[in-house]
Structures are given as C-alpha cells and as structure tokens.
Amino acid sequence: MLWIMRFSGFFSAAMVMIVLSPSLQSFPPAEAIRSSHLDKHLRSPSFLSIPDRFSFRKADVFRNADECGFPDPKITGVCDPNLVHVAITLDVEYLRGSIAAVHSILQHSKCPESIFFHFLVSENNLEALVRSTFPQLKFKVYYFDPEKVQNLISSSVRQALEQPLNYARNYLADLLEPCVGRVIYLDSDLVVVDDITKLWKTSLGSRTIGAPEYCHANFTKYFTARFWSDEKLSGTFRGRKPCYFNTGVMVIDLAKWRRFGYTKRIERWMEIQKSDRIYELGSLPPFLLVFAGHVAPIEHRWNQHGLGGDNVKGSCRDLHPGPISLLHWSGSGKPWLRLDSKRPCPLDVLWAPYDLYGHSH
C-alpha cells in the first residue's frame with residue numbers, strides 16, 4: 001500500500017508538471033544543422049530509406065517562456081554561449097527511447113529553444129526522422145565510426161553493452177565543436193521530468209565530470225578478482241575514495257577533458273581489459289577506473305536508475321526514496337518493449353506519456 005501511495009503521488013505530480021509547463025506553447029520552427037562529418041555518409045543510398053517499422057507522430061512545438069529572454073542575433077548555431085548542450089545516441093535498437101527522452105526534455109523545459117541536441121549515430125538514415133518528429137528542434141548529427149572502438153571492445157554480461165555506439169561518449173570532446181565547453185550526456189532509456197537547465201547549472205568545481213554517486217554500492221564487484229589481486233592495477237584507486245556512479249547521466253566539462261586527455265586514459269584501460277580481463281560490464285568500468293573518487297556529486301534525483309531491472313532478468317523495480325527529476329530504465333528491461341508485450345512494470349506507465357511511436361490515437 002505504501003508503494004502505491006508513493007507511486008500515485010509521483011504520478012499526480014508528474015501530470016501537474018506536464019499541464020503547467022510553460023514550454024507547451026508553440027513557436028516557429030528552428031533550423032536543424034547537419035554535421036559536415038556526415039556528408040560522405042549521407043550521400044549513400046541507404047540514407048534515403050528510413051526503416052518501415054519506425055513511424056513517429058510529430059511532437060507539439062515548444063517555445064521559450066518570457067523569462068528566457070532572446071538569443072543574441074549576432075551569434076548563431078552551436079557556438080551560442082546561451083545554449084544548453086545535451087548529447088544522446090541514436091540507433092535503431094533504442095531509437096524509440098531516444099525520441100521519448102528528447103520529448104520529455106522539451107516538455108519540461110522553460111527555455112526549450114535554448115537547448116541544443118548533439119546526436120551521435122553510427123547509421124545514415126536517422127537525421128530526417130528526427131527532423132520530421134521535432135521540426136523546431138535545434139540539433140546536429142555526428143557520425144561515430146564503429147571501427148574506432150571495435151578492436152577495443154571485449155565481451156560483456158549482456159550483448160547490448162558491447163555495441164560500439166555505447167562508447168561514443170568517450171569521444172564527445174573530439175566529436176563536438178571546440179566552442180562547446182560543457183555537455184550533458186544522457187542515455188536513451190530515460191525521461192526527464194524537471195527543467196534540465198537545473199542540471200546544466202550544476203557546479204563541477206575542479207572536477208571534469210559530475211554525476212550522482214552511490215557510495216553504499218559494493219564497488220569491488222565491478223572488477224574481477226584478477227584486478228584486485230594485482231597491486232599495480234588496483235593501485236589506481238590508491239589515495240581515492242571511489243564510489244559507483246552511473247554513466248547514463250553525466251555533466252561533462254569538455255574543456256578540462258580535452259586538456260587532460262581523458263579519452264586516451266579510457267582507451268588505455270580498454271586495452272588492458274583485452275589482455276587481462278579486469279571487468280565484465282562493458283563501457284562503465286573504464287569510466288570508474290579513470291574518474292571514481294574524482295566526481296562532482298550531483299543530487300540523486302537526477303538519476304533514478306535501475307528501473308530496467310538487472311542485466312539478465314530485467315525484473316520490475318521500485319522507486320528509490322526521495323524527489324525525482326529523471327527516471328532511468330537502466331538494466332535489461334526497457335519500457336517500450338514491456339508495454340508492447342502487454343507485460344509492463346508498474347513504473348513503465350511514467351515513460352508512456354513521452355512515447356511518440358505510432359500514429360495519433
């Protein structure tokens with residue numbers, strides 16, 4: 001009964017936020033910007049055909065509230081210093097989740113015109129679909145070549161964790177323009193139910209990344225016995241107080257990342273993994289090895305993670321205690337698949353309002 005009351009209270013609050021959000025007003029379309037990195041890929045015939053199984057309704061248009069002010073007409077495009085930058089991957093498998101994530105961000109933002117989306121892709125036919133679903137969206141598409149990490153990826157506990165695009169976040173500092181000094185990275189299996197500008201304004205202090213930390217978690221389980229028995233390897237955490245953090249929600253200082261060469265550090269740990277098998281969980285452990293103990297803590301409300309269950313069974317989960325700004329279906333169970341199968345978990349109903357898949361009801 002307590003769970004039902006808590007769930008009911010959150011659902012009511014979420015619905016109130018949607019109804020009252022000032023971002024539900026319409027505004028003229030904004031031009032989408034195409035990445036020059038994509039030119040040779042977009043000329044291929046495959047770009048012209050979007051998979052038949054994808055049909056998304058056009059989203060409502062969103063405009064800035066009066067308090068947002070007006071952009072500087074002298075500065076256009078991605079380098080506008082007033083923009084909030086959000087990076088998300090787009091791929092066929094998780095496309096429905098990515099579209100829902102974008103929809104949720106726009107719906108709860110006071111200043112949706114001030115959000116710039118950076119989409120990371122390894123396929124050539126998704127840009128037009130985004131533009132048709134969100135005609136007003138400010139975005140740019142960046143091609144991430146799977147070959148860049150193919151030889152660095154090792155097997156994981158779940159095949160989905162082995163996909164090259166999971167590793168694109170390691171290269172944000174290289175893919176995005178040098179004028180972009182900060183970015184919010186988000187996974188595709190989440191929805192935001194608060195104004196993302198609040199997350200954007202998080203102070204990182206001297207740190208390069210910020211994320212909700214979970215210091216009660218058993219940190220040792222993220223690495224193998226081989227790792228912990230080797231003093232040279234496990235010694236990387238000496239002098240640190242490492243805590244688990246989920247890499248699906250991060251605020252990243254790209255200027256610092258570039259300055260200290262963190263991409264190369266992550267790649268080095270991936271090379272060690274190939275020879276010594278020091279972890280089992282895909283793209284997460286290299287981030288822990290480089291950053292754990294050096295993360296700017298962000299409120300847990302910004303990553304209510306684990307709603308997809310574990311990495312094998314994908315069982316239903318309850319909400320963590322406390323306020324909620326972001327719901328994250330990390331784990332093997334995804335809300336769109338469970339809803340389609342008519343076997344949803346109770347919390348999947350909170351994802352459904354942002355789903356634009358299919359025709360109008």
Side-chain angles (χ1 to χ4, degrees), residues 33-38 41 77-81 83-91 94 98 101-102 105 115-123 126-127 130 137-150 152-153 161 163-190 192 196 199-200 202 204 207-212 245-270 282-292 294-296 298 302-303 326 328:
I33 303 173
R34 177 177 298 173
S35 170
S36 59
H37 298 119
L38 269 176
H41 303 282
V78 69
C79 292
D80 184 342
L83 293 173
V84 171
H85 295 276
V86 178
I88 301 179
T89 59
L90 290 180
D91 72 308
Y94 286 84
S98 298
V102 172
I105 291 168
I115 302 174
F116 197 102
F117 289 89
H118 304 262
F119 293 120
L120 313 176
V121 306
S122 291
E123 301 169 72
L126 300 176
E127 182 180 2
V130 173
L137 199 67
K138 291 181 178 178
F139 75 93
K140 186 171 180 177
V141 175
Y142 304 78
Y143 181 79
F144 178 72
D145 188 351
E147 292 298 322
K148 192 167 185 65
V149 292
Q150 200 71 63
L152 292 172
I153 297 175
L161 301 177
Q163 299 306 309
L165 200 58
N166 287 341
Y167 296 84
R169 58 188 156 203
N170 302 358
Y171 299 89
L172 283 169
D174 300 326
L175 291 169
L176 273 56
E177 288 76 2
C179 64
V180 180
R182 170 182 282 221
V183 70
I184 297 172
Y185 175 82
L186 297 177
D187 273 352
S188 299
D189 52 358
L190 55 78
V192 177
I196 201 167
L199 179 60
W200 174 257
T202 298
L204 301 183
R207 305 304 193 189
T208 301
I209 69 169
F245 63 95
N246 181 281
T247 52
V249 179
M250 296 186 290
V251 181
I252 305 173
D253 185 326
L254 294 176
K256 284 193 178 77
W257 184 293
R258 295 175 182 119
R259 190 182 314 141
F260 295 107
Y262 284 116
T263 296
K264 292 296 183 184
R265 299 190 195 188
I266 289 174
E267 286 180 334
R268 177 56 185 148
W269 281 113
M270 292 175 69
S283 61
L284 168 65
F287 264 84
L288 296 179
L289 287 161
V290 173
F291 292 110
H294 297 310
V295 175
I298 291 175
W302 285 105
N303 197 352
L326 184 150
H328 187 187

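Phe119 pairs in a ring pair (Phe, Tyr, Trp, His ring centres under 6.0 Å) with only one of the listed residues (Tyr143, Phe139, Tyr94), which is Phe139.
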Exercise for review: Evaluate the criterion side-chain contact (heavy atoms from CB on, under 4.5 Å) for residue pair Ile209 and Asp253; output intermediate values, then yes/no.
Suggested key: CA-CA 6 Å; Ile209 69 169; Asp253 185 326; over 6 Å; no
Exercise for review: Take Phe260 and Arg265 through the side-chain contact (heavy atoms from CB on, under 4.5 Å) test and state the conclusion after the steps.
Suggested key: CA-CA 9 Å; Phe260 295 107; Arg265 299 190 195 188; 3.9 Å; yes
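Taking CD of Gln163 as the start and CD1 of Ile153 as the end, the distance is 7.5 Å to the nearest 0.5 Å. The structure places CD1 of Ile105 at 7.0 Å from CG of Leu190, a figure rounded to the nearest 0.5 Å. We find the CD1-CD1 distance between Ile184 and Ile298 to be 8.5 Å, quoted to the nearest 0.5 Å. We find the OG1-NE2 distance between Thr208 and His294 to be 10.0 Å, quoted to the nearest 0.5 Å. With rounding to the nearest 0.5 angstrom, the CG atom of Leu120 is 11.0 Å from the CG atom of Asp91. Atom CD1 of residue Ile115 and atom CG of residue Leu137 lie 8.5 Å apart, to the nearest 0.5 angstrom.
Checked by atom type, the side-chain pair Arg169/Ser283 shows a donor-acceptor distance below 3.5 Å.
Closest approach of Val251 to Leu204, counting heavy atoms only: O-CD1, 3.9 Å. Closest heavy-atom contact between Tyr167 and Gly282: OH-C, 3.3 Å. Summarising the geometry of Ser98 relative to Thr89, their closest heavy-atom pair is OG-O, 2.9 Å, with the distance given to 0.1 Å. Pairing each heavy atom of Gln150 with each of Pro164, the nearest pair is OE1-CG, 3.7 Å. Heavy-atom minimum distance, Pro212 versus Asn303: CG-CB, 3.8 Å. The shortest non-hydrogen separation linking Leu83 to Val78 is CD1-O, 3.8 Å.
Residues Val102 and Ile88 form a side-chain contact, since some pair of their non-hydrogen atoms from C-beta on lies under 4.5 Å apart. Between Arg207 and Val295 there is no side-chain heavy-atom pair separated by less than 4.5 Å. Using a 4.5 Å heavy-atom cutoff, the side chains of Ile266 and Phe287 are in contact. Within the 4.5 Å cutoff, side-chain heavy atoms of Val249 are placed close to those of Leu326.
In this structure, Thr247 contributes its side chain and Leu284 its backbone to no donor-acceptor pair below 3.5 Å.
Applying the side chain to side chain donor-acceptor pair (under 3.5 Å) rule to Tyr171 yields the partners Glu267; only residues at least two apart in sequence or on another chain are considered. By the ring pair (Phe, Tyr, Trp, His ring centres under 6.0 Å) test, His118 is found to be paired with His85, Phe116, Tyr142, residues two or more places apart in sequence or in another chain being considered. Remark: Pro178 pairs with no residue by the side chain to side chain contact (heavy atoms under 4.5 Å, CB included) rule, at least two apart or across chains. For Thr202, the side chain to side chain donor-acceptor pair (under 3.5 Å) test picks out no residue, with sequence neighbours left out. In this structure, Asn170 has no side chain to side chain donor-acceptor pair (under 3.5 Å) partners at least two apart in sequence or on a different chain. Residues forming a side chain to side chain donor-acceptor pair (under 3.5 Å) with Arg182 (at least two apart in sequence, or on another chain): none.
Taking the ring centroids of Trp257 and Phe291, they lie under the 6.0 Å cut-off.
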